[in-house]
Every structure is written in structure tokens, then in C-alpha cells.
2 protein chains.
Amino acid sequence: MPHELDAYDRILLSALQENARITQGELGERANLSTAAVNRRLRLLAQAGVIERYTAYVNPKAVGYPLTIIVEVKVESERTDLLDEIQHSFRNCPQVQQCYYVAGECDFVLIFLVRDMAQYVELSRRLFLDNKNVKSFKTLVSMNQVKTGGSVPIDEPG
Amino acid sequence: MPHELDAYDRILLSALQENARITQGELGERANLSTAAVNRRLRLLAQAGVIERYTAYVNPKAVGYPLTIIVEVKVESERTDLLDEIQHSFRNCPQVQQCYYVAGECDFVLIFLVRDMAQYVELSRRLFLDNKNVKSFKTLVSMNQVKTGGSVPIDEPG
DNA sequence: CCTGAAATATCTAAAAG
DNA sequence: CTTTTAGATATTTCAGG
């Protein structure tokens, strides 16, 4: 399952994270590979799950979602069925952009994209206040996106 | 700056967030537009900054970055020059995948992708302990990615 | 704003070294 | 791995409604 990456693959992955619409010809120039070799490598990388998907990054502000809200959630019980249930509710909420199950002072960290505060208030009611297994939650409102959608670092292993 | 979106644009954006390698022909079928119209709209959406970029989503685990760490940072002073400096140090760290400047109980929330705990310890030393303006920081280690890379919701405005 | 067709460019696969 | 070939696909431009 590891799919050992070589230096060529790392060049391809770096470039594709920056701009997925670069042509295979240009990728070949950067990596010193023929387009045929690039094509084969891209197929294998996708097949192995190294490249999970290609996506368009849409500016949230441009489509009416200007507010980023980060929430820390503590639960009452970590019983498996209850955790499954709450995770399911988070995953199914379109405004929940990211959700992490963490060890530390809280149990979940969520990142919301919302139209306005009113929408967040409504969502927090539904997801947190109405859920008996939520002990408490803490809301952090983001004013500035210092860095978003950073790439995965691609560097030499070890 | 607004770039009013119509129903066609929303179909295109939804589809492209899911899979940026869908062809313009297929996009046209879904939206009931000719490929020429799709092509023109995509160009305008990119030009207007609605589509910021096209990227390949690389699985962090597959390239040796299996750990996600979330950190809350409190600063001593919010003097502009000091904030600029610390933001600069966060932005320039490849392992910092996201960084938000927030209002609430802390000042910054960072999301790291790291190879292992040792790498995080080293980075936290450099970014937090060595910076006089960092008052405190709290580390949360993610065990489970419940949801990552969620799309921006595309729905009717207002 | 759109469509349809023509002109480019790109991708993919196969064959041979 | 390379190069080359060739055909299928996709993108982009252009004429015209």
C-alpha cells in the first residue's frame, strides 16, 4: 500500500498541487520525463490513492460564504454509537467544511463556512444544543484567513 | 467584485469542486449549455477569482505526513508589526496547512501536517517557544479525519 | 447571451529500443 | 525508462443568431 515515491513523482505532485491544469507535456519538461512517462505515472498515482482527486478551489467569499467559524466540542460520553451518531451529523452538514476528532482538551474541532452569524447560530442549535451528548462547545470567529488550502509538503522521506 | 452567479454557474462550480477533471462537454450536458458556453463561463469564473485555482488533492498519509495537529495560540501583544511578523512565520512554514486569525479565547488557530511528533515538537519550538510574543499555545492531536477538504456550499443566494 | 462547427491542443495507448 | 506514431478527446476560437 505505501507506493514508494521517487523524485519524479515528487516533482509531479508538487506541481499538480499548485496547478492541476498544467499539461502533461509541461509536467514532463519540469521533471525531465516524456509525456508518455508522465501519463503513466499520473495514472498510477491516482490508482494508488496518492492523488485522491482533482478539485477546483472556489473562493467562499465569492459565493456568499464569507465567514469562517472554528468550534471546539466536548462530548459527555465517548460511547461508540454516540460518537458515530454525532460524527454523522457533522459530516452531513454542508456548512461543516472540516471536522477532526482530537485528543486533548476537547473532542472535536470543526471548521464551518457560513453565510452569516445567523446561519451559524441556527446550525449550532441543531448540531450542539439539541444533542444531549454535547457537553459544551466553544466558538472562534475567524477574521482573517492567514493561510488556507495549504499544500501537503512534498519532500524527501525520512 | 461580486460577479453575480446564475444557476448555470452554480451547476458548474458544484461539479468542478467534486471533480475538476470533468470535461467541458460533460459540464455542458449537466448544465444544458454548449461546450463553448461552458468554456467562456469557466474563463470568466477564473478571471473573477470565483475559481481560485485547480488543484490535485494529495493524500497526506501517502506522502509521509500522517499526523494532523491543531494548535491554538495566544499572543502577548496585538501590535500590528508583531502580528505581521508572526503571521509571516506561520505562512512560511510548509507544515502549516491552514492558519486563521480569530476572535475569541485565543488569537490564532493553526492546522499542521507533520511526519511525526518529533517534527511537531521541533516546529513548535521554533514557531512558538522561540517567539517572545507567544503567550501560550494549546496542542490538539487529531486521531481521525472525520471530514476533510469539504466543498464550499453552492446554493441559492440569500 | 447563446449555438454549432472548425481549428488547436492534449491525452492515451501501442510498438519498438 | 525513452521516442515515435496515430487516433481519440478535449479545449478554444470564430462566425453568426
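Letters A, B, ... are given to chains in the order of the sequence lines, protein chains preceding strands, and every chain is numbered from 1. Basis for what follows: all heavy atoms, side chains included, without hydrogens, waters or symmetry-related copies.
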Side chains of B:Y57 and B:T148: do they bring a donor and an acceptor to under 3.5 Å?
-> no
When every nucleotide of nucleotides 11-17 of chain D is labelled 5' to 3' by its protein contacts under 4.0 Å (heavy atoms), B for base, S for sugar-phosphate only, - for none, what sequence of letters results?
-> SBB----
Residues in side-chain contact (heavy atoms from CB on, under 4.5 Å) with B:I11, at least two apart?
->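 side-chain contact (heavy atoms from CB on, under 4.5 Å) check on B:I11 returns B:R30, B:A31.
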So what does A:N32 touch, heavy atoms closer than 4.0 Å: a base, only the sugar-phosphate, or nothing?
->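 The answer is sugar-phosphate, as A:N32 gets under 4.0 Å only of primed atoms, P, OP1 or OP2.
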Once you round it to whole Å, what is the distance between [atom2] of [N] and [atom1] of [X]?
{"X": "A:L33", "N": "D:dT2", "atom1": "CG", "atom2": "C1'", "answer": "10 Å"}
{"X": "B:L27", "N": "D:dT9", "atom1": "CG", "atom2": "P", "answer": "18 Å"}
{"X": "A:L44", "N": "C:dA13", "atom1": "CG", "atom2": "P", "answer": "11 Å"}

Examine distances only and state if a side-chain atom of B:N133 and a backbone atom of B:S77 form a donor-acceptor pair shorter than 3.5 Å.
-> yes
Would you confirm whether A:K147, through its side chain, and B:C99, through its main-chain N or O, come within 3.5 Å as a donor-acceptor pair?
-> no
Residues B:R10, B:E156: salt bridge by 4.0 Å N-O rule |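 Yes, this pair counts.
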Step through the shown structure and confirm whether more than 12 heavy atoms of other residues, nucleotides or ligands are within 6.0 Å of CZ on A:F90.
-> yes
